[in-house]
Number of protein chains: 2
Amino acid sequence: MTNSSPPDPQGVGQIFALFNEIGIIGQLSRTLFEARLEPGMTIHQFSVLNHLMRVGEGTTPQRMATAFQVPKTSMSHTVAGLVKRGYVTLEPSPTDGRSKCVFTTEAGRACRDRAIAALAPDIAELAPQLPEGLVEALLPHLVTLREVMDAARD
Amino acid sequence: MTNSSPPDPQGVGQIFALFNEIGIIGQLSRTLFEARLEPGMTIHQFSVLNHLMRVGEGTTPQRMATAFQVPKTSMSHTVAGLVKRGYVTLEPSPTDGRSKCVFTTEAGRACRDRAIAALAPDIAELAPQLPEGLVEALLPHLVTLREVMDAARD
DNA sequence: CTTGATTGGTGCGATATCGTACCATATATC
DNA sequence: GATATATGGTACGATATCGCACCAATCAAG
């Protein structure tokens, strides 16, 4: 407990530990996921596919870059990979000559469904090992935490 | 809600959403952290430094690789970076001719303290924006979730 | 309309991640 | 002790991530 500054205004150490746990769990779930995705497919690629289908088709790479909090060059690379696989198409924006718009293809939707189906067994195996009500207890609080952090980045 | 298989044994969709949130928050906090670490320093490098000081000096790279759930080549690379910066030393193991042992140097400890001090203001700024008791509500549940997942990987 | 600042995207180079193959040491079996 | 298997680490190549510089289109002033 690096006890240097005064009194620890409001559980800074606690929040630090919180992010530590979240990071570890994120890493564990990422490894879990990647093992089931089709070879060569990235979590990011899957996430983008998922995002398009959940949030809406036709967003721009830049918007997804900020949504995912990654540099635009990274998003560019991810989208390029999906294009190469034929899972999304990149159309020039009809309203803004600089932008492009991303749409999932039929193959993309199928791929996403396949991926989720491939993931489900692992999750179903994990589920009964979790204490009753744990997920329900965590999820809403995590959502608010994300919302606060999302809003906090000016 | 990919409604393909039968009845969704036990909130598989919920758990999926849970991991989704955790992944996003992890990404947000990673970006937050990286912005404050000294230039060229990775989260992984900081995590290793932190791990050594919290869990114990003298572990082997391989043990840390499994602890962090990353391939051993990645851990090797991370440790090499820390060695190059003079933050850890790699000694041959006295009991096992194959292994090496990792120890933090004085500079390494100083670096870790500096990093935490650099991070604290951001966290302190975030803290008051969080609902009362949120961290306390989340942390224990996240710990058990991590423990279950940790135990689940045979 | 012209100038200057902003914004979306790409090209490129440096570094990180990670799978495969490989080597050395250790452990098990006989 | 000899052989087989397992384990820790490294070398190397392929891909991912990301900062920086650049270009084109938009927007804001004047």
Side-chain angles (χ1 to χ4, degrees), chain A residues 23 26-28 30-49 58-85 87-103 154, chain B residues 23 26-28 30-49 58-85 87-103 154:
Chain A
Q27 177 65 29
L28 289 170
R30 193 171 310 122
T31 308
L32 202 72
F33 273 45
E34 269 176 351
R36 296 298 184 197
L37 289 180
E38 64 186 57
M41 185 147 202
T42 320
I43 298 269
H44 275 13
Q45 291 180 343
F46 172 75
S47 295
V48 165
L49 227 43
T59 13
T60 71
Q62 173 62 32
R63 294 230 290 211
M64 287 199 290
T66 63
F68 283 99
Q69 187 79 342
V70 306
K72 57 182 178 177
T73 51
S74 304
M75 183 54 65
S76 191
H77 187 256
T78 303
V79 171
L82 286 170
V83 169
K84 192 160 56 182
R85 287 164 187 270
Y87 291 157
V88 305
T89 59
L90 258 185
E91 316 284 344
S93 166
T95 71
D96 188 331
R98 299 166 298 183
S99 291
K100 305 196 176 171
C101 299
V102 189
F103 298 91
D154 328 304
Chain B
Q27 176 66 30
L28 289 170
R30 193 172 309 122
T31 308
L32 203 72
F33 273 44
E34 269 176 352
R36 295 299 183 198
L37 290 180
E38 63 186 57
M41 185 146 200
T42 319
I43 298 267
H44 275 14
Q45 291 179 343
F46 172 75
S47 294
V48 165
L49 227 43
T59 11
T60 71
Q62 173 61 34
R63 293 230 289 211
M64 287 198 291
T66 64
F68 283 99
Q69 188 79 342
V70 308
K72 57 182 178 177
T73 52
S74 304
M75 183 54 64
S76 190
H77 187 256
T78 303
V79 171
L82 287 169
V83 169
K84 192 160 55 182
R85 286 163 188 271
Y87 291 157
V88 305
T89 59
L90 258 185
E91 317 284 344
S93 166
T95 70
D96 188 331
R98 298 165 298 181
S99 290
K100 305 196 174 171
C101 300
V102 188
F103 298 91
D154 330 303

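Since the structure is predicted, the reported quantities are computational estimates derived from the model, not experimental observations. So you know, we letter chains A, B, ... as the sequences are listed, proteins then strands, and number each from 1.
When each of Leu90(A) and Gln27(A) is assigned the nucleotide of DNA chain C with its nearest heavy atom, Leu90(A) is the one assigned upstream, toward the 5' end.
The environment of Arg85(B) atom CZ is dense: over 12 non-hydrogen atoms of other residues, nucleotides or ligands sit within 6.0 angstrom.
If one axis is set at each end of the helix from dC1(C)-dG30(D) to dC30(C)-dG1(D) from five pairs, those axes are 30° apart, to 10°.
Listed by residue number, Thr60(A), Pro61(A), Gln62(A), Lys72(A), Thr73(A) are the residues of residues 59-75 of chain A with a heavy-atom contact under 4.0 Å to DNA chain C. Non-hydrogen atoms lying under 4.0 Å from DNA chain C are contributed by nothing in residues 33-41 of chain B.
Between atom CZ of residue Phe46(A) and atom CD of residue Glu34(A) there is a gap of 12.0 Å, rounded to the nearest 0.5 Å. Leu49(B) CG to Thr78(B) OG1: the interatomic distance, rounded to the nearest 0.5 Å, is 11.5 Å. Put simply, CG on Leu82(B) and OH on Tyr87(B) are 9.0 Å apart, with the number rounded to the nearest 0.5 Å. One distance of note links CG of Leu28(B) with CZ of Phe33(B); it measures 12.0 Å at 0.5 Å rounding.
For the pair His77(B) and dT15(C), the criterion of a side-chain N or O lying under 4.0 Å from OP1 or OP2 is not met. Between Ser76(B) and dG9(D) there is no side-chain N or O to OP1 or OP2 distance below 4.0 Å.
In this structure, Glu91(B) places its CD atom 16 Å from C1' of dG9(D), rounding to the nearest Å.
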Tabulate atom names and distances for all N/O pairs under 3.5 angstrom spanning the protein and nucleotides 24-29 of chain C.
{"from": "dA26(C)", "atom 1": "OP1", "to": "Gly97(B)", "atom 2": "N", "distance (Å)": "2.7"}

Close N or O pairs between protein and nucleotides 3-5 of chain C (under 3.5 Å):
none

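With hydrogens and angles disregarded, no donor-acceptor distance shorter than 3.5 Å links the side chain of Ser76(A) to the backbone of Lys72(A). Of the possible polar contacts, one joining the Gln27(A) side chain to the Gln69(B) backbone as a donor-acceptor pair under 3.5 Å is found. No donor-acceptor pair under 3.5 Å is formed between the side chain of Thr42(B) and the backbone N or O of Gln45(B).
Here the closest non-hydrogen pair linking Val79(A) and Val88(A) is O-CG2, 4.2 Å. Residues Leu37(B) and Met41(B) come closest through the heavy atom pair CD1-O, 4.0 Å. The two atoms that bring Cys101(A) and Pro94(A) nearest to each other are SG-CD, 4.4 Å, heavy atoms only. Shortest non-hydrogen contact noted between Phe68(A) and Met75(A) is CD1-CE, 3.6 Å.
Residues passing the salt bridge (Lys or Arg N to Asp or Glu O under 4.0 Å) test with Arg30(B), sequence neighbours excluded: none.
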Verdict with supporting geometry, Leu90(B) and Val102(B), side-chain contact (heavy atoms from CB on, under 4.5 Å): CA-CA 5 Å; Leu90(B) 258 185; Val102(B) 188; 3.8 Å; yes

